[in-house]
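A short worksheet on the structure shown next.
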Amino acid sequence: MTGPDTPSPAGPLQEAMARHQAGDLAAAAGLYRRHLEQRPEDVAAWCLLASAEGQAGHHAGAGEAYRRAVEISPDHAPAHAGLGTSSLQQGNFEEAAGHLRRAVELDPEQVDARLQLAMVLRRQARLPAATAELEEVLRRRPDHAQARFNLGMASLEAGRPDAAEDAFRKVLEARPRLVPALVGLARALRARNRPEAARVPLEEARALAPGDPTVAVARGGLLVACGELEAARTAFEEALAADPGQTAALLGLAELDRLAGRFERGIERLAPLLAGPAPGGVAVLMGRLLREAGRAEEAERFIGRQLDGEALMPGARAALERELGRVLDARGDVDGAWAAWTAANAGRAGRFDPADFDRAVAMLIDSFRPAGPPQAPPPAPDAPSSLLIVGAPRSGKSLLEQMLACHPDVHGAGERRTLRDLVIEVGQRVGDGTYPANVGQLEPGALAELAATYAADLTQAAAGARWVIDTQPTNFLHVGLARLLYPGLRVVWLRRDPRDLAWACYARGFADSAFDFAAEPAGIGPYLAALERLRAHWGTLLGDDFLEVDYEALVRRPEAELGRVLAWLGLAPDAMDADFHLPGRSSLSSPPALTRPLDGGEIGRGRAYAERFPGLPAARSGDVGD
């Protein structure tokens with residue numbers, strides 16, 4: 001006797017399975033249906049029919065068959081897994097996640113279902129949950145290369161390039177010639193602001209797969225990040241020559257058009273991709289190109305049509321909503337722009353706790369005082385001088401970095417993560433207590449080792465320059481530790497009208513979870529107020545090694561303001577190149593923040609929205625933004 005999960009191999013079913021194995025999917029599906037007319041409760045046969053339909057690309061038919069199997073046997077894990085995969089193929093992400101999660105609940109060893117569930121969660125931008133599923137696969141099967149690779153990709157998307165680098169390196173230990181892992185490692189190194197290191201795996205991938213368009217696209221992206229725009233254009237064109245349908249290469253070229261101010265050329269380039277449902281990245285870039293080309297009404301209509309569709313990923317939808325907000329803001333529709341930005345931020349609202357942030361700032365102020373932990377020995381005389389440029393997000397840190405890096409003695413190393421990594425290492429070396437309170441428990445030998453690590457990283461980052469700049473956005477939290485490890489280090493704090501800061505943060509949005517404060521108006525004011533307390537403390541602690549720069553003065557009077565900063569650094573202002581925006585003028589390790597001549601167009605933009613942000617610090621007396 002056979003049960004509902006056990007198909008009888010007799011008659012049409014036996015022939016269907018043979019046809020299925022031979023690849024004759026249409027015939028197999030027909031024979032499965034004949035069998036199911038006689039045995040409609042045969043769950044395994046429904047799953048076989050679904051498999052044949054799915055392999056033939058008939059995902060709706062596959063979903064119907066798997067759904068029938070689930071109705072017959074609600075606790076059948078493979079049927080739930082199959083229905084989840086079919087739903088994923090059809091873009092029904094919530095349904096897919098539900099059935100895939102049920103599959104792994106019923107059978108925790110369903111590795112493929114976990115991988116599919118992680119993919120769904122990534123597409124929903126639920127990256128911590130996706131990471132948890134992949135880590136569970138690896139806990140059960142540490143050598144599962146696909147799970148490790150997917151973990152690298154999820155870590156990249158989550159803004160954790162250090163974890164991504166670790167994952168890709170582990171994949172490459174087992175499979176050193178795996179081209180996608182080499183490309184992933186290059187992307188992780190690029191995201192860690194190590195562009196020269198990123199070239200190594202990319203060149204290896206290029207040697208292994210000379211005509212691979214994905215490698216050429218990755219090279220193009222790296223070259224853009226290094227400011228080598230014409231070389232990047234050549235790489236993207238090589239990718240298109242190998243694969244004329246390579247969307248990523250077209251996007252790369254259209255973005256280069258945008259950076260060069262050739263908006264109409266970029267629009268023309270992307271237009272063929274919009275004949276059907278547009279990929280999210282294409283839609284976002286097209287909306288931006290239309291807006292920057294001065295075609296605001298067309299941009300609004302285009303973005304509205306895209307938002308009315310159902311196939312957009314959450315990240316693309318939020319980016320389009322922000323772009324719509326920019327369009328409406330530019331024409332003075334304050335309420336419409338605010339509604340668009342609020343919709344863009346909705347998925348991240350509620351994650352920031354102002355009280356927790358206040359406590360963290362208070363701990364930093366209490367732990368780093370003039371009579372606090374002893375400093376490490378001074379760096380060697382030939383070591384580079386270190387400059388941290390800190391401040392709130394959108395305060396102009398990368399702008400000042402690019403300007404200063406036009407000086408021959410300055411290199412802009414971008415957003416380095418070294419200090420954050422050293423914070424973690426402090427915790428590993430001092431088991432008791434919580435950072436930053438445990439800094440005082442570091443033994444002199446451990447402090448010297450951490451200082452040597454930091455000094456070596458700065459020397460590598462300086463690229464031979466006398467001064468090296470670090471603009472990592474969360475470094476305002478690490479000024480105290482940096483001062484302990486590198487005596488003589490200097491800090492510039494960028495200030496900006498808090499009304500403009502609040503507007504810029506809310507309208508911009510951030511991928512990094514460290515800036516979840518920007519997702520809701522009630523979080524931005526308390527965050528900026530806490531930063532003001534920290535700014536005052538670091539200024540007192542560092543004394544002459546701390547300098548404040550106003551964004552408004554920097555934009556309106558760049559030569560005078562830069563002359564003041566350069567004099568403070570002991571550098572000759574007359575060695576500066578004033579064409580900050582031109583390609584190749586700045587010595588940078590990351591993409592330039594400024595690609596056009598300076599203008600003060602963003603000064604005062606936040607005033608129309610200021611009353612919508614409770615708890616904003618007061619604007620400075622005599623603020624140059626007023």
Side-chain angles (χ1 to χ4, degrees), residues 4-7 12-13 16-17 19-37 39-126 129-130 133-134 136-137 144 146-147 150 153-154 276-277 279-280 309-317:
D5 293 350
T6 308
L13 182 59
M17 295 169 70
R19 294 288 186 92
H20 194 165
Q21 189 172 11
D24 189 353
L25 301 175
L31 289 164
Y32 284 136
R33 288 192 177 90
R34 280 180 54 192
H35 168 79
L36 287 163
E37 289 173 2
R39 293 193 60 193
E41 302 303 308
D42 190 337
V43 171
W46 281 111
C47 290
L48 288 168
L49 170 61
S51 175
E53 292 277 39
Q55 289 173 34
H58 304 150
H59 300 300
E64 291 174 6
Y66 279 126
R67 197 178 309 280
R68 181 70 178 116
V70 167
E71 290 171 355
I72 296 167
S73 183
D75 292 337
H76 193 279
H80 279 287
L83 181 52
T85 300
S86 296
S87 300
L88 170 60
Q89 295 291 342
Q90 297 173 77
N92 300 326
F93 300 121
E94 282 300 324
E95 182 179 32
H99 286 289
L100 290 165
R101 189 171 288 108
R102 180 58 178 155
V104 297
E105 288 172 357
L106 291 166
D107 181 3
E109 296 301 324
Q110 280 260 359
V111 169
D112 288 344
R114 282 193 190 277
L115 291 176
Q116 293 290 326
L117 176 56
M119 183 183 297
V120 173
L121 294 169
R122 282 173 59 195
R123 293 194 178 186
Q124 292 178 309
R126 297 162 64 184
E133 292 298 335
L134 293 166
E136 180 62 19
V137 172
H144 200 290
Q146 187 64 54
N150 290 0
M153 297 301 294
E310 298 180 355
L312 281 174
M313 298 297 100
R317 180 172 293 278

Study note, to complete from the structure: Nearest heavy-atom approach of Ala316 to Gly280 is CB-CA, 3.6 Å
**Study point:** Distance, nearest 0.5 Å, that separates NE2 of His35 from CD of Glu37
**Key:** 11.0 Å
Practice item. Quick one: pull up CG in Asp42 and SG in Cys47 and give me the separation to the nearest 0.5 Å. Key: 9.0 Å
Revision key, fill the gap. Note: Arg102 and Pro74 closest approach over all heavy atoms is NE-O, 4.5 Å
Study note, to complete from the structure: Between the CE atom in Met17 and the CG atom in Leu31, the distance rounded to the nearest 0.5 Å is 12.0 Å
Exercise for review: Evaluate the criterion side-chain contact (heavy atoms from CB on, under 4.5 Å) for residue pair Gln146 and Asn150; output intermediate values, then yes/no.
Suggested key: CA-CA 6 Å; Gln146 187 64 54; Asn150 290 0; 2.8 Å; yes
Practice item. Indicate the atoms forming the closest heavy-atom contact of Val104 with Gln110, along with that distance. Key: CG1-O, 3.9 Å
Check your understanding: Between atom CZ of Arg39 and atom CH2 of Trp46, what is the distance when rounded to the nearest 0.5 Å?
Key -> 13.0 Å
Point to revise | Check: His20 side chain, Leu49 main-chain N or O, donor-acceptor pair, under 3.5 Å | key: no
Check your understanding: Given Leu115 and His144, is the side-chain contact (heavy atoms from CB on, under 4.5 Å) satisfied, shown in steps?
Key -> CA-CA 11 Å; Leu115 291 176; His144 200 290; 3.6 Å; yes
Review point. Which value, rounded to the nearest 0.5 Å, describes the distance between His99 atom NE2 and Gln116 atom CD?
Key: 14.5 Å
Check your understanding: Under 4.5 Å between any side-chain heavy atoms of Glu94 and Ser87, yes or no?
Key -> no
**Study point:** Residue pair Ile72 / Glu41: nearest heavy atoms and the distance that separates them
**Key:** CG2-OE1, 3.5 Å
Practice item. Could you please spell out the steps behind the side-chain contact (heavy atoms from CB on, under 4.5 Å) verdict for Leu100 and Thr85? Key: CA-CA 8 Å; Leu100 290 165; Thr85 300; 4.2 Å; yes
Review point. Which atom pair, heavy atoms only, marks the closest approach of Ala103 to Ala77?
Key: CB-O, 3.6 Å
**Study point:** Note: Glu71-Arg68 ion pair, threshold 4.0 Å (strictly below)
**Key:** yes
Review point. For the atom pair CZ (Arg122) and CG (Leu134), what is the distance rounded to the nearest 0.5 Å?
Key: 7.5 Å
Considering only distance and modelled atom types, tabulate donor-acceptor pairs under 3.5 Å from the side chains of residues 58-67, sequence neighbours left out.
from	atom 1	to	atom 2	distance (Å)
His58	ND1	Glu53	OE1	3.0
Arg67	NH1	Glu95	OE2	2.7
Arg67	NH2	Glu95	OE2	3.1

Exercise for review: Might you point out which heavy atoms bring Ala147 and Val137 nearest each other, and give the distance in Å?
Suggested key: CB-CG1, 3.6 Å
